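Structure first, commentary second.
Start at 1 and go down the list; that is how both ligands and their atoms are numbered. A quick note: this is a predicted structure, and the numbers were derived from the prediction, not measured. Every heavy atom of this structure was used, including side-chain atoms; hydrogens, water molecules and symmetry mates were not.
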Amino acid sequence: MATPAHIGRFTANNPGIMTLQGTNQYVVGKDSVVVIDVALSADSNLDGIIEQVEAMGAKKIEKILLTHIHSDHCAGALALRKRCGAKLGIHRSRRGYLGGEDFQYDDNDRITFGGGELRVLHTPGHESGHCCFYEGSDKVLFSGDNILGYGTAVIHPPDGNMTDYMETLERLLGFDISLILPGHGPLIGKPEAKIREYIKHRLEREQQVIAALKSGRNGIGEMTQWIYVDVSAALQRVAEFSVQAHLEKLMREGRVKKEGARYLLLGDN
Ligand SMILES: [Zn+2]
């Protein structure tokens with residue numbers, strides 16, 4: 001599915017192993033538009049967003065919305081606000097985080113743009129204040145870092161929470177979505193399949209964590225090495241966070257307990 005004409009994208013020049021090709025910054029609307037995420041404060045990045053706005057024939061940026069407060073999504077927000085006079089919004093739980101927000105939003109709020117509106121979905125997991133934005137008329141979901149164009153989202157405890165994340169994925173399955181526009185990587189034309197794949201992947205990972213515990217591996221480091229056989233050194237820490245996030249979910253469910261640095265299975269898992 002092609003992106004609707006009233007949605008544009010400018011990808012920030014911040015490629016990397018976590019950001020893929022760079023952060024996707026979206027422009028939504030006609031005449032007066034909303035910008036979702038501003039990764040960098042450099043003039044070249046703000047110029048790119050503004051050129052995208054002009055290319056769409058729009059006249060002004062009315063609002064800036066943030067999917068979450070990781071710097072690769074918000075570091076340029078105040079600079080863009082200053083440059084174009086847009087109102088900057090942030091999730092209610094992150095009020096004051098940047099020190100220059102104009103309004104807050106929360107789950108199910110509606111945010112208007114020229115020609116339509118976005119529904120705010122508070123979607124914790126990757127980050128506790130994470131929001132996705134759903135445009136119901138075209139069935140487009142701006143997924144931030146909860147669903148990426150390829151690879152999987154990073155769940156980094158303690159703010160990242162696997163229990164919340166799985167609930168978020170299940171909730172998103174309940175929406176009629178034709179197109180996902182992610183915070184990183186290419187657009188996703190088969191949303192339901194992608195979300196189901198994400199859920200399946202996490203459940204498989206959880207089973208691997210349980211199998212590692214059953215095999216007598218009880219520390220996060222040794223479990224990670226056993227589960228992620230050929231993970232690169234650069235991603236080793238990320239893999240450890242993932243294992244930790246799964247263990248915390250299992251502890252919340254009463255299936256695992258922690259003794260010192262060791263994790264132990266409870267009952268007949
Ligand atoms: Zn990101």
> Is it true that atom CZ of Arg95 has more than 12 heavy atoms of other residues, nucleotides or ligands lying nearer than 6.0 Å?
Replying inline: no
> When you look at His184 and His73, which way does the ring pair (Phe, Tyr, Trp, His ring centres under 6.0 Å) test go after all the steps?
Replying inline: CA-CA 10 Å; His184 304 278; His73 295 262; 5.0 Å; yes
>> Under 4.5 Å between side-chain heavy atoms, counting indirect links through other Ile/Leu/Val/Met/Phe/Trp/Tyr residues: same cluster for Tyr198 and Met18 or not?
In response: no
>> With carbon and hydrogen excluded and only N/O/S kept, which atom of Asp145 is nearest the Zn ion (ligand 1)?
In response: OD2
> Which N, O or S atom name in Asp72 marks its closest approach to the Zn ion (ligand 1)?
Replying inline: OD2
> Taking 2.8 Å as the cut-off, does an N/O/S atom of His70 lie below it from the Zn ion (ligand 1)?
Replying inline: no
> Ring centres of Phe133 and Phe113 under 6.0 Å apart?
Replying inline: no
>> What do you get for the angle at the Zn ion (ligand 1) between NE2 on His73 and NE2 on His184, to the nearest 10 degrees?
In response: 90°
